[in-house]
**Student:** 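I am attaching a structure below and will ask some questions about it afterwards.
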Amino acid sequence: MRVTSAQAAKLLRQLNDELRALQLKEANSSSFVAAIQEDVESVRPAYNFKEMRDAQAEVECKIRKVKHAISVFNTTTIIPDFDITIDEMLVYLPQLNRQCEVLSKMRDAMPKVRVSSGYPGGNIIDYKYANYDIEEVGRYYAELSDTLAKAQTVLDLVNSTVEFEIDI
């Protein structure tokens with residue numbers, strides 16, 4: 001079966017839902033309660049241990065195959081314009097996000113800000129100074145923000161258009 005990464009992620013969610021449903025069905029039917037005066041056979045839920053084990057094992061096998069195929073795809077597919085694999089990009093994006101957060105705060109800082117002296121009734125005035133060029137940080141932030149947007153866009157494009165094989 002040929003799929004994109006986005007399709008594989010949906011398939012994985014479906015398989016995990018199917019496994020959870022089987023596990024819930026087993027939990028609800030592998031044992032039961034009957035009153036002493038009831039006919040036990042009339043309230044016994046349908047349950048076959050071997051069939052349930054086999055059904056869960058089949059779904060778990062499919063989950064392993066899908067996850068493996070995604071992993072191979074992520075470690076071998078190069079992101080255009082960035083010359084890194086998808087798994088590297090998945091590390092790079094949070095790094096860019098953190099850098100953008102730091103630079104955003106630095107970009108929005110005032111060159112000089114009055115701060116409390118910490119002494120009640122004190123007449124000493126303290127100032128906090130930016131020890132960098134705020135405009136330079138703003139330019140760097142804009143470049144980094146553009147890089148982040150481009151990286152997210154190209155990753156989304158690859159994940160939604162490039163196909164790979166899953167043998168299930």
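All heavy atoms count here, side chains included; hydrogens, waters and symmetry mates do not.
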**Student:** In terms of hydrophobic clustering (I, L, V, M, F, W, Y; side-chain heavy atoms under 4.5 Å; direct or indirect links), are M89 and I78 co-clustered?
**Tutor:** no

**Student:** Starting from L90, can I reach L12 by hopping between I/L/V/M/F/W/Y residues whose side chains sit under 4.5 Å apart?
**Tutor:** yes

**Student:** How far apart are the closest heavy atoms of A8 and V66, and which atoms are they?
**Tutor:**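 Where A8 meets V66 most closely, the heavy atoms are O-CG1, 3.8 Å.
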
**Student:** Taking all non-hydrogen atoms of both residues, which atom of S160 and which atom of T4 are closest, and how far apart?
**Tutor:** O-CG2, 3.6 Å

**Student:** Of all the heavy-atom pairs spanning S29 and P45, show the shortest one and how long it is.
**Tutor:**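 The answer is O-CG, 3.6 Å.
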
**Student:** Does R114, at its CZ atom, have more than 12 non-hydrogen atoms belonging to other residues, nucleotides or ligands within less than 6.0 Å?
**Tutor:** no

**Student:** Tell me, with the steps shown, if E58 and K62 meet salt bridge (charged side-chain N to carboxylate O under 4.0 Å, His left out).
**Tutor:** CA-CA 6 Å; E58 182 181 335; K62 289 178 182 178; 3.7 Å; yes

**Student:** Quick one: are R53 and E26 in side-chain contact, heavy atoms under 4.5 Å?
**Tutor:** yes

**Student:** What are the two closest non-hydrogen atoms of Y141 and C100, and how far apart are they?
**Tutor:**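 Nearest pair, atom of Y141 first, then C100: CE1-O, 3.3 Å.
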
**Student:** Tell me, yes or no, whether the heavy-atom count around E135 atom CD, taken from other residues, nucleotides or ligands under 6.0 Å, exceeds 12.
**Tutor:** no

**Student:** Measure the NZ-CE distance between K65 and M1 for me, rounded to the nearest 0.5 Å.
**Tutor:** 11.5 Å

**Student:** Report yes if the side chains of S145 and L103 come closer than 4.5 Å at any heavy-atom pair, otherwise no.
**Tutor:** no

**Student:** Heavy-atom count check: over 12 atoms from other residues, nucleotides or ligands less than 6.0 Å from F164 CZ?
**Tutor:**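 It does: F164 CZ has more than 12 such atoms within range.
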
**Student:** Is it true that L19 and F49 fall in one hydrophobic cluster, defined by side-chain heavy atoms closer than 4.5 Å?
**Tutor:** yes

**Student:** How far does CD of Q23 sit from CG of N28, to the nearest 0.5 angstrom?
**Tutor:**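 Q23 atom CD to N28 atom CG measures 12.0 Å (nearest 0.5 Å).
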
**Student:** Taking all atoms of both residues into account, what is the closest heavy-atom pair of A69 and I166, and its distance?
**Tutor:**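 Looking at all heavy atoms of both residues, the shortest contact is CB-CG1, 3.6 Å.
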
**Student:** To the nearest 0.5 Å, what is the distance between CE (M52) and OG (S30)?
**Tutor:**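 Answer rounded to 0.5 Å: 8.5 Å.
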
**Student:** Do Y92 and T147 have side chains that get closer than 4.5 Å, going by heavy atoms?
**Tutor:**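 In short, these two side chains touch, coming nearer than 4.5 Å.
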
**Student:** Locate the shortest heavy-atom distance separating M110 from I134; write the atom from each residue and the value.
**Tutor:**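 Heavy atoms of M110 and I134 come nearest at C-CD1, 3.8 Å.
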
**Student:** Do V158 and S5 have side chains that approach each other closer than 4.5 Å (heavy atoms only, starting at C-beta)?
**Tutor:** no

**Student:** Mark yes or no for whether Y132, through its side chain, and M106, through its backbone, hold a donor-acceptor pair below 3.5 Å.
**Tutor:**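 Yes, the answer is positive, given that a donor and an acceptor are paired below the 3.5 Å cut-off.
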
**Student:** As an exercise, state the distance from CD1 of I86 to CG of L93, rounded to the nearest 0.5 Å.
**Tutor:**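 The CG atom of L93 is 11.0 Å from CD1 of I86, to the nearest 0.5 Å.
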
**Student:** Please check if I168 and F73 belong to a single hydrophobic cluster, counting links between Ile, Leu, Val, Met, Phe, Trp and Tyr side chain heavy atoms closer than 4.5 Å.
**Tutor:** yes

**Student:** Determine yes or no for a side-chain-to-main-chain donor-acceptor pair under 3.5 angstrom, with T77 supplying the side chain and N74 the backbone.
**Tutor:** no

**Student:** Determine whether D87 and T75 make a side-chain contact, defined as any pair of heavy atoms from C-beta on separated by less than 4.5 Å.
**Tutor:**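 Yes. Closest side-chain heavy atoms under 4.5 Å.
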
**Student:** Is a salt bridge present between E41 and R44, judged by a nitrogen-to-oxygen distance below 4.0 Å?
**Tutor:** yes

**Student:** Above 12 or not: heavy atoms from other molecules or residues under 6.0 Å from CG of D146?
**Tutor:**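 Enclosed.
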
**Student:** Are L11 and L15 side-chain neighbours, meaning at least one heavy-atom pair lies under 4.5 Å?
**Tutor:**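 They are in contact (side-chain heavy atoms under 4.5 Å apart), so the answer is yes.
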
**Student:** CG/L144 to CG/L96 distance, rounded to the nearest 0.5 angstrom?
**Tutor:**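 Separation between the atoms: 5.5 Å.
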
**Student:** Could you give the distance from CZ (R13) to CG (D17), rounded to the nearest 0.5 Å?
**Tutor:**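 The distance works out to 9.0 Å.
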
**Student:** Are V59 and Y47 connected in the hydrophobic side-chain network, where two residues link if heavy atoms are under 4.5 Å apart?
**Tutor:**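 In one cluster with V59: Y47, yes.
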
**Student:** Quick one, V115 with D126, criterion side-chain contact (heavy atoms from CB on, under 4.5 Å). Give me CA distance, side-chain angles, the key distance, then yes/no.
**Tutor:** CA-CA 6 Å; V115 293; D126 290 329; 3.6 Å; yes

**Student:** Would you check if E88 and F82 make a side-chain contact, meaning some heavy-atom pair closer than 4.5 Å?
**Tutor:** no

**Student:** State plainly whether the residues E143 and R139 are in salt-bridge range, i.e. N to O under 4.0 Å.
**Tutor:**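 No, E143 and R139 are not salt-bridged.
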
